[in-house]
Amino acid sequence: MPRLTVAQALVTFLARQWSERDGHRLRLIPACFGIFGHGNVAGIGEALAGPAGAGLPYHLCRTEQGMVHTAAAYARMSDRLSTLACTTSIGPGATNLVTGAAGATINRLPVLLLPGDIFAARPANPVLQELEDPRSYDVSVTDALRPVSRYWDRINRPEQLPAALLAAMRVLTDPVETGAVTLALPQDVQAEAYDWPEELFADRVWHVPRARPDDAAVTRAARVVTAARRPVVVAGGGVIYSGACDALRRFAEEHGVPVAETQAGKGALPFGHPLALGAVGVTGTSAANEIAAGADLVIGIGTRYSDFTTASGTLFGGDARFVNLNVTGFDAAKLSGLQVVGDARESLAALGAACAGWATELAYRASVAELGQRWAAVADRARHADPDARPTQTAVIGAVNDAAGPRDVVVCAAGSMPGDLHRLWRSADPKSYHVEYGYSCMGYEIAGGIGVKLASPDREVFVLVGDGSYLMLPTELVTAVAEGVKLVVVLVDNRGFASIGRLSESVGAQRLGTAYQDRSAAPLAVDLGANAASLGADLIRVVTIEELRAALAAAKAAERTTVIHVETDPLVTGPDAGAWWDVPVAEVSARGETQAARAGYEAGRKARRTHLRPA
Ligand SMILES: Cc1ncc(C[n+]2csc(CCOP(=O)(O)OP(=O)(O)O)c2C)c(N)n1
Ligand SMILES: [Mg+2]
């Protein structure tokens, strides 16, 4: 019976966990990111520094929020078969995890969080950074992680550790339940020794299942599908995580069904495929949205049906039926859909076989191709740069897309770029488009880029980050530099929040607080490029698109992380397909513009469908 501290046992255990799917075995948790404080340095810190730590390399990050983004991005890039552990101190180190944890859980991505916690024995409380809830000494700040975690536990005695570890690994590797998993570790318990059963440290393989759908559900779905005349697939992130892209392409081609993509599903069908409609929803293309609006059947695969996908309930027709293929019944049941609960690849194969011989009419497919070409012409114009004008954001995106090889990855999360990227980026590979739009968390970009690069070092990683997002979390640049994780960061500076500025104006809020300026409304003398250079990145400043192209080539060839700073015009917007997004406008206001915005809002709201028709 090995005698180890709780922290040593935990670290030893983590180094011996594996995931397996389709015969591929991966380390489930190959590394640990962290920041030490008094709440984890003596327990987890000592364990990672000792012999147990040999199997779990440690990486120092600069912000706890950032490291959770890094872990989530790593997991997304690994199709949820592998993730990172994150260790923090108690108090603020622990609460800094909350935002990242929410992002991971919302995006259905596994991350293992190991915050320190206040003494279980309470010998001299309150300890530094203890919350002290007068209603109960049982409450600590790590309780804030409960609602954003899919499994949450506090290890108050060593005996509790084995069962908690097994439960944590199960949830991390379960495609239905996965998300943030938190094991809060009181600082005294971390250092406590215990005689552990030897078997706890055996190599353990977590087989990630490919759940097969119920035969009767597939038969029901096939009946609905083969009766459709204008079906459309909405492909979400689940298609990519399941490795179902080939199955999707076969299904689409065999049955002549066009495919529209959510943010997480973008790249499921490569750009240029005659049945690829591209982005759908609020940030969608005119091709996808027109087909979606006229569809009599929506086949949602691995999608959460967020408001961006459904245009807040206004995109699909009131009579449209839904057949939803999803690994979780929770998502499959949305929009009154006919539920096919199972792994996306398995379900697509089963549904395809059950629909054998059926295909849409040629005229329908021809209309898909024509709408696709019409959108491509609009996109071409937006991506094209006027050599004499200040670069537009869409021309910047075009230049980065041109510089990126087919397997290279673009990373983004918040602001106006995710919408432009969703519509305009041309993906040749399902892992080449990495826009975090479940939580759309400012600050994800650089930290997420690190996770992407760590998971796929053979790909070039292009981080597109707005000035607002950059200012929220530039610090992870230091981590990229220190760890030798090479990123190409394109810092798109439009002096404030172009996205929220535009939204503010459209809802009658007069762009209040959306430009970076001083109290006299003069532009701020803030130099973000100098900031990036001061954090250790190589800096290239560019003014024109031609300079940007040269800088991208240089940054690709470089071995170090490069930040390319480019200024764009916040008032020039990309093309959009006019889909509606529900952001309520003030019902009463003295201002005419706000009253007009409210009238427009009420008109828009009328188009909302309930989708209560049973499938
Ligand atoms: C952490 C966080 N806080 C606030 C928001 C709300 N928000 C969404 S986009 C945005 C502005 C982003 O600015 P920037 O990165 O410069 O992009 P731009 O809008 O200029 O394209 C804000 C404040 C958010 N998504 N995330
Ligand atoms: Mg901006």
Side-chain angles (χ1 to χ4, degrees), residues 63-70 72-73 95-107 148 263 282-283 306-308 382 390-397 400 410-425 435-449 462-477 489-507 509-517 523-524 526-529 531-532 563-576 581-583:
T63 55
E64 291 87 357
Q65 179 187 325
M67 76 175 152
V68 188
H69 295 327
T70 298
T95 49
N96 272 354
L97 294 172
V98 174
T99 298
T105 294
I106 284 166
N107 284 293
V148 292
Q263 286 275 13
V282 178
T283 52
S306 81
D307 64 344
F308 262 71
R390 187 200 291 202
T392 60
Q393 181 165 290
T394 56
V396 168
I397 286 171
V400 177
V410 64
V411 182
C412 191
S416 56
M417 272 190 288
D420 286 343
L421 283 165
H422 197 203
R423 292 186 195 95
L424 301 177
W425 189 268
V435 174
E436 187 281 289
Y437 215 64
Y439 210 37
S440 189
C441 185
M442 291 169 78
Y444 177 89
E445 295 85 347
I446 293 168
F462 293 89
V463 174
L464 281 173
V465 59
D467 50 332
S469 268
Y470 176 82
L471 275 172
M472 283 234 183
L473 218 67
T475 43
E476 290 312 301
L477 266 182
V489 179
V490 182
L491 203 180
V492 180
D493 190 347
N494 53 22
R495 304 196 167 251
F497 306 159
S499 53
I500 304 299
R502 207 171 304 142
L503 181 63
S504 171
E505 191 171 324
S506 76
V507 298
Q510 307 174 60
R511 290 189 173 263
L512 172 69
T514 59
Y516 286 152
Q517 52 194 18
L524 283 185
V526 169
D527 186 343
L528 297 184
N531 175 270
V563 173
I564 303 172
H565 181 267
V566 58
E567 283 198 32
T568 58
D569 188 334
L571 300 179
V572 180
T573 61
D576 95 43
W581 185 34
D582 193 340
V583 179

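Just follow the structure's listing: the first ligand is 1, and inside any ligand the first atom is 1.
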Those protein residues which place at least one heavy atom below 4.0 Å from ligand 1
G415, S416, S440, M442, G466, D467, G468, S469, M472, N494, G496, F497, A498, S499, I500
Exactly one of T568, V566, V572 clears side-chain contact (heavy atoms from CB on, under 4.5 Å) with N494, and that residue is T568
Closest contact, heavy atoms only, A72 versus Y444:
C-OH, 4.5 Å
Flag, side chain of T70 to backbone of G448, donor-acceptor distance under 3.5 Å
no
Within this structure, what is the OG1-CG distance for the pair T394 and L421, rounded to the nearest 0.5 Å?
10.5 Å
Is the closest side-chain heavy-atom distance between V396 and V490 below 4.5 Å?
yes
Identify, with sequence neighbours excluded, every residue that meets side-chain contact (heavy atoms from CB on, under 4.5 Å) alongside A101.
L113, L145, V148, A180
Enumerate the protein N/O/S atoms at a distance below 2.8 Å from the Mg ion (ligand 2), ignoring waters.
D467 OD1, N494 OD1, G496 O
Where D569 and R390 come nearest, the two heavy atoms and their spacing
N-CD, 3.7 Å
Could you give all pairs that pass the salt bridge (Lys or Arg N to Asp or Glu O under 4.0 Å) test and reach residues 489-501, with sequence neighbours left out?
R495-E567
As an exercise, state the distance from CG of D420 to CD of Q393, rounded to the nearest 0.5 Å.
5.0 Å
